[in-house]
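The sequence lines fix the lettering, A, B, ..., with proteins before strands; numbering per chain opens at 1. As a basis for the values below, the full set of heavy atoms in this structure was taken, side chains included, without hydrogen atoms, waters or symmetry mates.
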Protein chains: 2
Amino acid sequence: MNVEERIKTVGKIPMERRTIIHFMLVANTINEQMAQALKPFDVSIQQFNVLRILRGQKGKPANLSTINERMVTKMSNTTRLVDKLILKEYVERNTCPSNRRKIEILITLKGNEQLSKMDAIVSETETNLLQQFSTNELEQLNILLNKFQS
Amino acid sequence: MNVEERIKTVGKIPMERRTIIHFMLVANTINEQMAQALKPFDVSIQQFNVLRILRGQKGKPANLSTINERMVTKMSNTTRLVDKLILKEYVERNTCPSNRRKIEILITLKGNEQLSKMDAIVSETETNLLQQFSTNELEQLNILLNKFQS
DNA sequence: TTACAATAATTGTATATACAAATATACTAA
DNA sequence: TTAGTATATTTGTATATACAATTATTGTAA
């Protein structure tokens, strides 16, 4: 991808600005391809992320704050995100008996089955996105990603 | 940033998946910091992006499809995005006399003034985000970004 | 000229997201 | 016990975004 061509600019862009723009263009590509891959399952990237978190719990229920803490993109409304997953019968929600402020969220069998299928397609998408990277280059990229000030 | 710690996972993540997650975590950081930097001006990142595109036109008006084509994150509704900028009096809109299907969008003096101020703060944010990168590392990063399959 | 296709923008609708305020429950110190 | 504080989630509201349908205008071929 040629950044200047993509954003159709003629003037010179400072290296730092160019890098940030380039980065965000790639991030958008990743997002689009992931969203596209998940479309047949009618779940958003965020919903998929929540399902993965719940599977990682291995049967142990998670509450909303745990989920939010682990999400890649934190959204300010995990309640409604989970609502959508309940409607699809991918997760179930119960109030925690020991602490009734908390709720317990569990992935259902149906959710797990669908998630396996999503996983396969998402992996394919990841492999496709990164097909030009050697193992060494992937490591290099991760090292550079670590340099971003957060 | 330690990815595994951030998403609080214990199991091993495949290198490709880890890279994508890492990438998106950084992309979110960039977005948050940019949005924060622009907050005092009451414009979104997308609105800022449109203002920059209009300034790049150097007085020549742009129509909606031109703007959309040049945006970093294409959104499916540039009409309403421009509406917001008109409300703030940062841009003005006229129907193109030679082709009345098109509209001409221009940045106003007020828009240009505000944009200069935004630019300064956004540059600061960019520098801050990339402060740990040497020039060589920035080049390396841009080369790796080019390897993503789009 | 007129019908049809192409182009450009707008509008409708559903969902997503950010942020603040409200609600419900539990904990704690007087 | 009770008042106040902390925790956990939910709700309200505004804005953002995706996608499809609609409207307006222009170009073109019969």
Name the residue closer to the 5' end of DNA chain D, choosing between Gln36(A) and Ala62(A) according to the nucleotide with the nearest heavy atom. Ala62(A)

Map Lys102(A) and Arg80(A) onto DNA chain D by nearest heavy atom, then report which one ends up closer to the 5' terminus. Lys102(A)

Are Phe48(A) and Phe41(A) an aromatic pair by the rule of ring centers under 6.0 Å? no

Residue Ser44(A), side-chain atoms from C-beta onward, closest of dT9(D), dA16(C), dA18(C): dA16(C)

Atom CG of Asn99(A) and atom P of dA6(D): how far apart are they, to the nearest Å? 17 Å

Test side chain to side chain contact (heavy atoms under 4.5 Å, CB included), reference Gln46(A), set Asn77(A), Thr78(A), Leu81(A), output is Leu81(A)

If the cut-off is 4.0 Å, is Gln47(A) near the phosphate of dA16(C), judged by side-chain N/O to OP1 or OP2? yes

If I take atom CG in residue Asp83(B) and atom C1' in nucleotide dA14(D), what distance separates them, rounded to the nearest angstrom? 16 Å

Looking only at side-chain N and O atoms, does Arg93(B) come under 4.0 Å of OP1 or OP2 in dT10(C)? yes

For atom CD1 of Ile103(B) and atom C1' of dA24(D), their distance in whole Å: 13 Å

Lys/Arg-Asp/Glu bridge criterion (N-O < 4.0 Å) met for Glu69(A), Lys74(A): no

OP1 or OP2 of dT25(D) versus the side-chain N and O atoms of Arg100(B): is any pair under 4.0 Å? yes

Check whether any side-chain heavy atom of Glu137(B) sits under 4.5 Å from a side-chain heavy atom of Gln132(B), and report yes or no. no

Regarding dG27(D), can its base be found pairing with the side chain of Arg101(B) as donor and acceptor, where the two atoms are less than 3.5 Å apart? no

Using whole Å, report how far CG of Asn63(A) lies from C1' of dA26(C). 15 Å

Closest listed nucleotide, where the reference is the side chain of Leu64(A) and the choices are dT10(D), dT17(C), dA9(C): dT10(D)

How many Å lie between CG on Leu38(A) and P on dA16(C), as a whole number? 12 Å

Please check if any side-chain donor atom of Asn128(A) sits under 3.5 Å from a side-chain acceptor atom of Gln131(A), or the reverse. yes

For dC19(D) and Lys39(A) - does any side-chain N or O of the residue sit under 4.0 Å from the phosphate oxygens OP1/OP2? yes

May I ask you to verify if any side-chain N or O of Lys84(A) is less than 4.0 angstrom from the OP1 or OP2 atom of dA14(C)? no

Which whole-number value in Å describes the distance from Lys88(A) NZ to dA14(C) C1'? 12 Å

Closer to the 5' end of DNA chain C via nearest nucleotide, is it Val43(A) or Ser76(B)? Ser76(B)

Using whole Å, report how far CG of Asn77(A) lies from P of dG12(D). 12 Å

Does a salt bridge link Asp119(A) with Arg17(B), judged by any charged N lying under 4.0 Å from a carboxylate O? yes

Counting just side-chain N and O atoms, does Ser65(B) come under 4.0 Å of either OP1 or OP2 of dA9(C)? yes

Separation of dA18(D) atom P from Ile45(A) atom CD1, nearest Å, is 10 Å

Between Gln46(B) and dA16(D), is there a contact of a side-chain N or O with OP1 or OP2 at under 4.0 Å? no

